[in-house]
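Data first, discussion second: the structure below is written as structure tokens.
Values in this document were obtained by computation on a predicted structure and should not be read as measured data.
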Amino acid sequence: MQPPVARREPNPTHIHGHTLEDDYFWLRNKDSEDVIEYLKAENAYTHAFMEPTKELQDKLYREMLSHIKETDVSVPYLANGYFYYTRTVEGLQYPIYCRKPSPVPDDPNAVYNDDAAEQVILDVNELAKGQPFMAIGGLAVSPDNTLLAYSTDNTGYRQYTLHIRSLDTGKDLPDTALRTGSLVWADDSKTLFYTVEDEQTKRHYRLYRHTLGEDTTKDTIIFEETDERFNLGAGRSRDRKYIFMESGSHTTTEVRFALASNPTMFTLLAPRINDQEYYADHRNGRFYIRVNDTGKNFRLVSAEVAAPGREHWTEELPEDPEYPLEDFDLFRDFAVASDRVLGLPRLRVFGWSGEKLTSTSEEVTFPEPTYSAGLHVNAEFAAASFRYSYQSLVSPSSVYSYDVQTHSSTLLKQQEVPGGFDRSRYASERIWATASDGTKIPISLVYRRDEFVRNGENPLYIYGYGSYGYALPVGFNPNRLSLLDRGLVLAYAHIRGGGDLGDKWHDAGKMQMKMNTFTDFIAATEHLVAEGYGDPKRVAIEGGSAGGLLMGAVTNLRPDLFSVVLSHVPFVDVMNTMLDDSLPLTVGEYEEWGNPNEPEAFATMHAYSPYDNLKPGGYPAMLVKTSLNDSQVMYWEPAKYVAKLRTLKTNDTPLLLETNMDAGHGGASGRYDYLKEIAFDYAFLLTQLGVEKP
């Protein structure tokens with residue numbers, strides 16, 4: 001088959017003395033038969049090209065499935081007299097949410113009894129019947145344990161519908177609402193607060209109060225956020241005494257609070273200050289607030305509930321410019337600080353001396369050179385221990401309980417990896433590349449210990465993201481075994497724009513500094529090749545969403561450096577999207593990318609926008625994937641990108657576009673369907689690297 005050819009219809013945009021050419025603007029019309037037919041034609045071409053790999057895809061799927069315990073159960077956690085967990089069953093696509101009563105309902109340290117009677121509170125497989133897609137948004141059990149508020153999305157557009165289920169009967173009540181987000185019960189178990197998104201911009205902007213049994217169309221608006229940069233969310237303090245309502249942009253937050261026992265009025269904690277974030281929790285009549293008001297990293301302060309404003313804040317933990325404070329969790333008898341040391345997570349456990357933190361802390365230590373760790377589900381404020389999760393590139397995901405009195409950790413569950421997995425066969429490293437400006441960039445690596453030789457002959461795979469201050473997780477994924485066991489070296493580049501080394505790391509790769517993200521990734525790739533970790537002629541890269549922007553930018557900058565590109569739901573049409581403030585998310589994104597209506601921001605963004613910087617020449621083999629119902633990166637961005645690139649690339653490497661016609665930003669919702677998508681990607685990657693024959 002020959003690839004489809006999209007027609008060209010000039011649609012220029014004139015701004016700041018420049019003309020942005022957009023011959024494929026017409027692909028934005030989702031209701032057009034021509035658009036749908038074009039996407040289907042691209043799918044047909046992609047599947048025809050991949051047909052010779054069908055046997056390999058099936059083999060990869062079976063391999064990956066063999067490493068998954070299909071019938072499994074999560075670690076139960078205690079919340080308000082019940083132990084909650086999820087189950088998966090072999091052959092079923094979706095999880096089943098369950099609970100069992102605690103043997104001692106009022107004991108926050110009760111021990112789970114597996115013999116207790118199970119209650120299924122939500123079977124997602126039942127919800128998914130007859131639906132091509134199903135995702136759960138929020139879940140909230142009422143304080144009296146009789147009701148479940150939950151929300152569902154059956155398109156992938158991340159537009160959720162509220163339902164309320166009686167846990168006594170298992171039936172849903174008539175109460176329902178559209179486009180909901182946060183779900184928070186008041187103490188009376190009759191009052192539910194929920195946020196709603198604006199239909200056009202998908203920004204959560206209103207908080208409603210609903211009384212059980214009443215018509216939701218008459219629900220009271222408690223608060224409306226009018227600033228288009230801000231999203232609204234709500235939640236409860238761990239001690240369950242307060243409901244918090246948070247307005248947040250990418251750089252600024254503002255919190256209001258109300259008593260959960262009498263939530264008639266929300267009180268402002270402290271007014272918003274531009275470029276200042278703060279997050280609050282409650283303990284013994286005081287708010288404890290993590291805030292970045294003295295520098296780019298956060299400190300911890302506290303204030304009495306009766307006088308919560310900034311003028312009353314008392315410092316509990318000072319800002320540390322070297323160790324970014326990422327979170328702070330309050331318990332009745334202790335507190336846990338989550339921070340980072342040279343980009344690696346650390347947990348510090350503090351006691352209380354009255355209402356003050358103790359001056360010393362115990363540190364939870366971790367054994368490997370690169371890993372991910374953080375607090376797990378801890379719903380009980382008065383618990384004597386807390387749970388945390390740990391995993392690495394070679395160690396499966398684990399949940400531990402940490403006893404605060406004995407300073408010891410107990411393993412509760414480690415992900416079981418069947419199919420012959422032997423951890424000792426794999427090794428991980430953490431190395432540092434040097435960016436063009438001298439900045440050291442951390443890279444996490446994993447490979448087969450018994451087969452790896454640093455001789456520059458290994459096929460190399462590099463993953464990156466580098467946006468929104470998101471620290472790239474270093475976790476275990478059994479799917480990767482299919483790559484590692486075929487000799488690939490896998491690398492994860494912790495480039496600027498992410499949050500791996502704190503807010504300064506984020507700031508150094510956003511807005512006017514965004515180009516650092518792309519040059520860091522190139523520097524990481526060059527370093528890995530120069531140090532013999534990979535074959536310079538067999539380098540594959542992957543990224544999705546903002547990581548798809550990374551893929552497009554680095555491929556434009558250095559097409560010679562990469563052999564294969566996997567690009568998922570890529571944000572590649574930067575200029576046209578960010579100039580259209582009618583699109584979901586655009587205005588709020590100005591704080592991450594800049595506002596191209598301003599000349600300086602326009603110049604910066606135009607210099608790296610993948611769609612606008614395509615030019616004639618040779619390009620790597622590319623598989624570009626998107627979803628028709630994506631609400632974050634619209635399907636037309638990758639579609640336009642591929643259509644334009646087809647007219648410019650001068651070599652015969654494959655350029656494939658696949659559109660999932662029934663999903664959204666995250667791809668298929670069912671676990672087996674998603675695994676088949678991964679097998680498809682890996683088949684493309686392995687055949688293009690020459691590791692497997694098509």
Strictly distance-based, threshold 3.5 Å: is any side-chain N or O of N11 a donor or acceptor partner for the main-chain N or O of D22?
no

Would you please say whether a donor-acceptor pair under 3.5 Å links the side chains of S444 and H494?
yes

Does any non-hydrogen side-chain atom of N576 lie less than 4.5 Å from one of F25?
no

E451 atom CD: more than 12 heavy-atom contacts under 6.0 Å
yes

So do the side chains of L344 and Y371 get within less than 4.5 Å of each other, counting heavy atoms only?
yes

Yes or no on side-chain hydrogen bond (donor to acceptor under 3.5 Å, both in side chains) for T577 and E637, after CA distance, side-chain angles and deciding distance?
CA-CA 8 Å; T577 292; E637 290 203 33; 2.7 Å; yes

Regarding K30 and N629, do their side chains bring together a donor and an acceptor under 3.5 Å, going by distance alone?
yes

Which word best sums up how the rings of H606 and F602 line up, parallel for under 30°, tilted for 30 to 60°, or perpendicular for over 60°?
parallel

If only atom types and distance count, is the side chain of S669 paired as donor or acceptor with the main-chain N or O of F133 below 3.5 Å?
no

Under 3.5 Å, side chain of T650 to main-chain N/O of P616, donor-acceptor pair present?
no

Are more than 12 heavy atoms from other residues, nucleotides or ligands located less than 6.0 Å from atom CG of D652?
no

Passes side-chain hydrogen bond (donor to acceptor under 3.5 Å, both in side chains), Q512 versus T604? Steps please.
CA-CA 6 Å; Q512 300 302 108; T604 299; 2.7 Å; yes

Please answer whether the main-chain N or O of K644 pairs with a side-chain N or O of T647 as donor and acceptor at a distance below 3.5 Å.
yes

Mind checking whether R448 and Y426 have side chains closer than 4.5 Å, heavy atoms only?
yes

What verdict does the salt bridge (charged side-chain N to carboxylate O under 4.0 Å, His left out) test give for R496 and D437, after you've listed the backbone C-alpha separation in whole Å, the side-chain angles of each residue and the deciding distance to 0.1 Å?
CA-CA 12 Å; R496 283 176 286 184; D437 61 1; 2.9 Å; yes

Without swapping roles, check the side chain of S389 against the backbone of G374 for a donor-acceptor pair under 3.5 Å.
yes

Taking C-beta and beyond as the side chain, do P442 and L501 meet within less than 4.5 Å on heavy atoms?
yes

What verdict does the ring pair (Phe, Tyr, Trp, His ring centres under 6.0 Å) test give for F476 and F421, after you've listed the backbone C-alpha separation in whole Å, the side-chain angles of each residue and the deciding distance to 0.1 Å?
CA-CA 12 Å; F476 184 85; F421 171 69; 5.3 Å; yes

Answer yes or no: is there a donor N or O on one side and an acceptor on the other, between the side chain of H506 and the main chain of G469, under 3.5 Å?
yes

Taking it one step at a time, do K625 and S567 satisfy side-chain hydrogen bond (donor to acceptor under 3.5 Å, both in side chains)?
CA-CA 6 Å; K625 302 185 76 173; S567 188; over 6 Å; no

State whether the side chain of N231 and the backbone N or O of H204 hold a donor-acceptor pair below 3.5 Å, judged by distance alone.
yes

Verify whether one side chain among N651 and K649 offers a donor that lies under 3.5 Å from an acceptor in the other.
yes

Between Q57 and Y61, do the side chains contain an N or O donor and an N or O acceptor separated by less than 3.5 Å?
no

Backbone of G156 reached by a side-chain donor or acceptor of H665 within 3.5 Å
no

H47 (side chain) donor-acceptor with N43 (main chain) under 3.5 angstrom
yes

Hey, are the side chains of F562 and M551 touching, using non-hydrogen atoms and a 4.5 Å cut-off?
no

Let's go through E368 and S395 carefully: what are the C-alpha distance in whole Å and the side-chain angles of both, what is the deciding distance for side-chain hydrogen bond (donor to acceptor under 3.5 Å, both in side chains) to 0.1 Å, and is it a yes or a no?
CA-CA 9 Å; E368 296 178 273; S395 297; 2.8 Å; yes

Nearest atoms (heavy-atom pairs only) where L585 meets S631:
CD1-O, 4.2 Å

If we count only N and O atoms by modelled type, under 3.5 Å, do the side chains of S482 and E63 hold a donor and an acceptor together?
yes

Please name all residues satisfying salt bridge (Lys or Arg N to Asp or Glu O under 4.0 Å) with R430, sequence neighbours left out, ordered by chain then number.
none

Of all heavy-atom pairs between N297 and D503, which one has the smallest distance, and what is that distance?
OD1-N, 3.8 Å

Are L60 and L686 side-chain neighbours, meaning at least one heavy-atom pair lies under 4.5 Å?
yes

E692 and Y682: side-chain donor and acceptor closer than 3.5 Å?
no

Do the side-chain N and O atoms of T586 and D581 include a donor-acceptor pair separated by under 3.5 angstrom?
no

Considering residues, nucleotides and ligands other than E531, do more than 12 of their heavy atoms fall under 6.0 Å from its CD?
yes

Is there side-chain contact between T525 and V554, with at least one heavy-atom pair below 4.5 Å?
no

Decide side chain to side chain contact (heavy atoms under 4.5 Å, CB included) for Y672 and I68; before the verdict, give the C-alpha distance in whole Å, the side-chain angles of both, and the deciding distance to 0.1 Å.
CA-CA 11 Å; Y672 295 109; I68 295 173; over 6 Å; no

Contact between D573 and Y641 at the side-chain level, heavy atoms closer than 4.5 Å - yes or no?
no

